[in-house]
K.L.:
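Below is one structure. I have some questions about it.
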2 protein chains.
Amino acid sequence: MPHAAAATPQLLRRVNAQAVLRHIRGAEVATGTELMALTGLTRASVIAVCEDLISRGWIVEQDQPTDPGNPRKGRPARRFAFNREAGFVLGLDIGAATTTAAVADLRGTVIGRSSGSFRAADIPAQERIGVVDLACRQALEAAGADPGRVLAVGAGIAAPVDRDGNVLVTQRFWSLFDVGLRSALKELHGWTVLLENDANLAALGERWRGSGVGVDDLVVLLAGERLGAGVMESGRLLHGRGGAAGEMGYLDMVEGVGSSDGIAALVRQWSAAGGGPSAGGPASAPRVFADAAAGDAAALAILDRISERMARVIASIASLINPEQVVIGGAVAESAGALLPGITALLPRFTATPPRVTVSPLGDAIVTAGAVRHALDYVEAHALELALPAPA
Amino acid sequence: MPHAAAATPQLLRRVNAQAVLRHIRGAEVATGTELMALTGLTRASVIAVCEDLISRGWIVEQDQPTDPGNPRKGRPARRFAFNREAGFVLGLDIGAATTTAAVADLRGTVIGRSSGSFRAADIPAQERIGVVDLACRQALEAAGADPGRVLAVGAGIAAPVDRDGNVLVTQRFWSLFDVGLRSALKELHGWTVLLENDANLAALGERWRGSGVGVDDLVVLLAGERLGAGVMESGRLLHGRGGAAGEMGYLDMVEGVGSSDGIAALVRQWSAAGGGPSAGGPASAPRVFADAAAGDAAALAILDRISERMARVIASIASLINPEQVVIGGAVAESAGALLPGITALLPRFTATPPRVTVSPLGDAIVTAGAVRHALDYVEAHALELALPAPA
DNA sequence: GGCAATATATTTAGCTTGTATCTAAATTAC
DNA sequence: GTAATTTAGATACAAGCTAAATATATTGCC
């Protein structure tokens, strides 16, 4: 502890401005009287704070509404509204093969989106960054947003990321990418890039606009070729020492199942063994589900095995973390609905504290939604330190 | 959000007083100049804060030391010291069969200790409370501490306890006990009782004065008849929705091992199968270790199985939480040292992020140490709200 | 013993942010 | 047009902090 930031009178203004801004952000429009009731401040202080926020560009004063049949007595209140276009945020989903960028205003409404693919898995970092940058610029253009007014960029990658946004160095590939991406986007556009694990962002997204809204103890399983968990406890993301919390690739070994890519491996086994009525095509989860729906015994058996596997994984999470809810997301989510009854029925056999299990409604957007939320969290936490660029 | 506590000028004093008090608590003695450097406040403010803390009884001003050969130039600084006897805390370990109470001063030095046993497992709550209360009073008497000056009581029980200190209602027995204990001690002595899960307290203790000092991502396994984990992530205890985080009784099922009491079960199997050279006596972990040390093959095989079992459990924790360190505590800890090399060697087979594994040095005191720490945390967080009773 | 040097303590004036209270302004209802 | 109502703004003052000037207690040197 070299210098534990003394609390000066300015701290009060910061705290109170944050509280006022938080409320205005959540409401359509707010009046001084409302803010007094909410913050406990006097009118004088509330007005002073609002003037302050207006001069900083975070809120705007609205005109009086043209009396829509609900006449209010007394002097009309000044109406303060959050300036949702004070700036923008970017949310990136950077996968192994593709990348997606979403632009959102400060309320989180996505107003632009664009994707790009990597030519190959082993392209140089510079080219990778170029693809990501292009997706960002295209998304911004689609949104009609000036790149200079991007306040933060949330980016999800399929690798462990620690609390400080550093990629675990054991993963050479991602490590190089990390360093390049952050400094490149900083240099090209001046953006602050917040790296996070994709499953962690999925958890943020799910709690924000998915099936876990308002759930403080939430786990999101991002299941596809890889199996990652985003764990929130008491509303906070868990990272662990090196950011590898939720990296369950190895969990199979603990359970003695074998291969480390779980569901995809089971599907491949099934396909290799001849598959069902739809045999012949490439192995895919939707095919299994389709065949099972058609009554194919082999496909049904696979579904049973997958259900039990998922139940065991969820149960081990339940024993260690005791979440209120587990959300299944990622590539398998669209088909996973059919598995829910089976999983739910099995859970009590494996854990004393079975969570509610649901399927993500966010589809492909689960990581970008979380990335947007992550960037917004940063902007909201640092609102009073950020200098807003003048609107175009 | 009915009323989000406005930040008034008084808040500044609270914040600064907390910072000053925190430093004085950690140091032997502090001067104004030191506190200025540390907090960033001016001398005038530091002195004002100290005067305030003196009047509240939290710190005392010491006389000048009688120059022990190190002469200091200039006007001698006023010397402020933490008043470690401003009050006391109690730390309780309430087990199924016995209970232990420890009294500590506000620096955490234990100055009194006492234990008691329950006559039977099914005695009425009132009798149970009586045993606990007696242990508390005896410990206080041994410490020469006035029960009226106990500022908080930390209590560990072998049941899930949620963030608010409520016992999970599915556990009827503990639930009744909970309500009775808290209100009884409040009524008898006016004490504030902070209930926590025993494994969670073990984690607090281990991070405070055990083998995990300074480790923010720490898991403590409290292993004996029961297996519980206390999980700290980023320096915070994990509870989960109902406080059942770390309740791993069921984890065995997930792994397909079978019985839920792990090590103890293995030892019993061994004993039932004839045991080693020390055969005949009751099954016990120390016997297995002694026989293994004597070269007995059956005992060695059991140790191998136990090691692998522990490694699998630790690996599943590592995959989900990624702790920096896992500490083995509880009844098996005294013998567990011999298992460490085996466990450590196995871990990389089961997880990509193996934690450091150590054995607790705290022995029986692991839970009471954590209970004391828990009570101190409460006192430190609420120092400026607590009215200190006048010293005897 | 007296005096400079040094480090700390205390005092005074002023800034920021808050509260409390009084007066002014803008609107509706009659 | 006037009263009632609600919000805005202004004025006085309190808490807490900073900054700068002044006072105090000690060491070290002559």
Side-chain angles (χ1 to χ4, degrees), chain A residues 3-21 29-56 59 61-81 384, chain B residues 3-21 29-56 59 61-81 384:
Chain A
H3 223 262
T8 61
Q10 287 82 337
L11 174 69
L12 299 180
R13 177 51 61 90
R14 276 224 308 283
V15 169
N16 287 328
Q18 272 284 4
V20 166
L21 184 56
V29 65
T31 66
T33 307
E34 263 173 65
L35 293 168
M36 288 170 65
L38 208 100
T39 60
L41 296 171
T42 55
R43 172 162 262 118
S45 303
V46 164
I47 298 286
V49 166
C50 287
E51 299 283 9
D52 211 3
L53 288 172
I54 287 173
S55 77
R56 287 162 181 269
I59 64 176
E61 188 166 354
Q62 289 190 333
D63 319 341
Q64 295 304 316
T66 48
D67 243 24
N70 101 328
R72 315 265 299 133
K73 276 188 191 174
R75 177 172 175 163
R78 291 173 67 176
R79 295 154 53 83
F80 303 102
L384 302 174
Chain B
H3 225 262
T8 62
Q10 288 83 334
L11 173 70
L12 298 180
R13 177 52 60 92
R14 277 225 309 281
V15 169
N16 287 328
Q18 272 284 3
V20 166
L21 184 56
V29 64
T31 66
T33 307
E34 264 172 64
L35 293 168
M36 286 170 66
L38 207 99
T39 59
L41 295 172
T42 56
R43 172 162 263 117
S45 303
V46 164
I47 298 287
V49 166
C50 286
E51 299 284 8
D52 210 5
L53 288 172
I54 288 172
S55 77
R56 287 162 181 269
I59 67 177
E61 188 166 354
Q62 288 191 333
D63 318 343
Q64 295 305 316
T66 48
D67 243 25
N70 102 331
R72 314 265 299 131
K73 278 187 189 173
R75 175 172 177 166
R78 292 173 66 175
R79 296 157 50 83
F80 303 101
L384 302 174

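So you know, we letter chains A, B, ... as the sequences are listed, proteins then strands, and number each from 1. Since this is a predicted model, take the numbers as computed values, not measurements.
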K.L.:
Let me know the distance between CZ of B/R13 and P of C/dT17, rounded to the nearest Å.
P.N.:
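In whole Å, C/dT17 P lies 18 Å from B/R13 CZ.
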K.L.:
Ignoring hydrogens, what is the shortest heavy-atom contact between A/A17 and A/V49? Give both atom names and the distance.
P.N.:
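Nearest heavy atoms, A/A17 then A/V49: CA-CG1, 3.6 Å.
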K.L.:
Should B/S45 be listed as having a side-chain N or O under 4.0 Å from OP1 or OP2 of D/dT18?
P.N.:
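Yes.
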K.L.:
Is there any protein nitrogen or oxygen under 3.5 Å from a nitrogen or oxygen in nucleotides 28-30 of chain D, and what are the pairs?
P.N.:
none

K.L.:
Students often get this wrong, so: under 4.0 angstrom with heavy atoms, is B/R43 touching a base, only sugar-phosphate, or nothing?
P.N.:
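Base, at least one base atom sits under 4.0 Å.
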K.L.:
Side chain of B/A77 only, please: which of C/dA9, C/dG18, D/dA15 is the nearest?
P.N.:
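The listed nucleotide nearest to B/A77's side chain is C/dA9.
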K.L.:
When the distance from CD1 of A/I47 to C1' of D/dT6 is rounded to whole Å, what number comes out?
P.N.:
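It works out to 13 Å between those atoms.
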K.L.:
How many whole angstroms separate atom CG of B/L41 from atom P of C/dC15?
P.N.:
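It is 20 Å, rounded to the nearest whole Å.
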K.L.:
Only counting residues at least two apart or in another chain, list the ones meeting side chain to side chain donor-acceptor pair (under 3.5 Å) with B/R14.
P.N.:
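Once residues adjacent in sequence are excluded, B/R14 has no partner under the side chain to side chain donor-acceptor pair (under 3.5 Å) criterion.
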K.L.:
Of the non-hydrogen atoms in B/M36 and B/T42, which two are nearest, and what is the gap between them?
P.N.:
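Shortest heavy-atom contact: CG-C, 4.0 Å.
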K.L.:
Hey, does the side chain of A/R75 come within less than 4.0 Å of D/dT5's phosphate (OP1/OP2), counting only N and O?
P.N.:
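Answer is no, no contact under 4.0 Å.
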K.L.:
Rounded off to whole Å, could you give me the CG-to-P distance for the A/L35 and D/dT7 pair?
P.N.:
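These atoms are roughly 12 Å apart.
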K.L.:
Can you measure A/E34 atom CD to D/dT6 atom P for me and round it to whole angstrom units?
P.N.:
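Those two atoms, CD and P, are 15 Å apart.
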K.L.:
In whole Å, what is the span from the CG atom of A/L11 to the P atom of D/dT18?
P.N.:
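One finds 12 Å between P of D/dT18 and CG of A/L11, rounded.
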K.L.:
Would you say D/dC17 has OP1 or OP2 under 4.0 Å from some side-chain N or O of B/N16?
P.N.:
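For D/dC17, OP1 or OP2 has a side-chain N or O of B/N16 closer than 4.0 Å.
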K.L.:
What's the separation between atom CD1 in A/I54 and atom CD1 in A/I47, rounded to the nearest 0.5 Å?
P.N.:
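These two atoms lie 8.5 Å from each other.
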K.L.:
On DNA chain C, nearest-nucleotide positions of A/A44 versus A/P76: which is more 5'?
P.N.:
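The residue whose closest nucleotide sits nearer the 5' end is A/A44.
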K.L.:
Below the 4.0 Å mark, does D/dT7 have OP1 or OP2 next to a side-chain nitrogen or oxygen of A/T33?
P.N.:
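The answer is yes; a side-chain N or O of A/T33 sits under 4.0 Å from OP1 or OP2.
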K.L.:
In this structure, how many angstroms lie between the P atom of D/dA15 and the CZ atom of B/R14, rounded?
P.N.:
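Rounding to the nearest Å, CZ of B/R14 and P of D/dA15 are 16 Å apart.
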K.L.:
Whole-Å distance between D/dA15 P and B/E51 CD?
P.N.:
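Rounded to whole Å, this separation is 17 Å.
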K.L.:
Is the closest basic N to carboxylate O distance between A/E34 and A/R79 below 4.0 Å?
P.N.:
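No, no charged N to carboxylate O under 4.0 Å.
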K.L.:
Can A/R56 and A/E51 be counted as an ion pair, charged N to O under 4.0 angstrom?
P.N.:
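Between A/E51 and A/R56 there is no salt bridge, as every charged N stays at least 4.0 Å from the carboxylate O atoms.
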K.L.:
Does D/dG9 have OP1 or OP2 under 4.0 Å away from a side-chain N or O of A/R78?
P.N.:
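Checking D/dG9 against A/R78, a side-chain N or O does come within under 4.0 Å of OP1 or OP2.
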K.L.:
Just so I know, are the side chains of A/N16 and A/T39 near enough to count as touching, which here means a heavy-atom distance under 4.5 Å?
P.N.:
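A side-chain contact under 4.5 Å is absent here.
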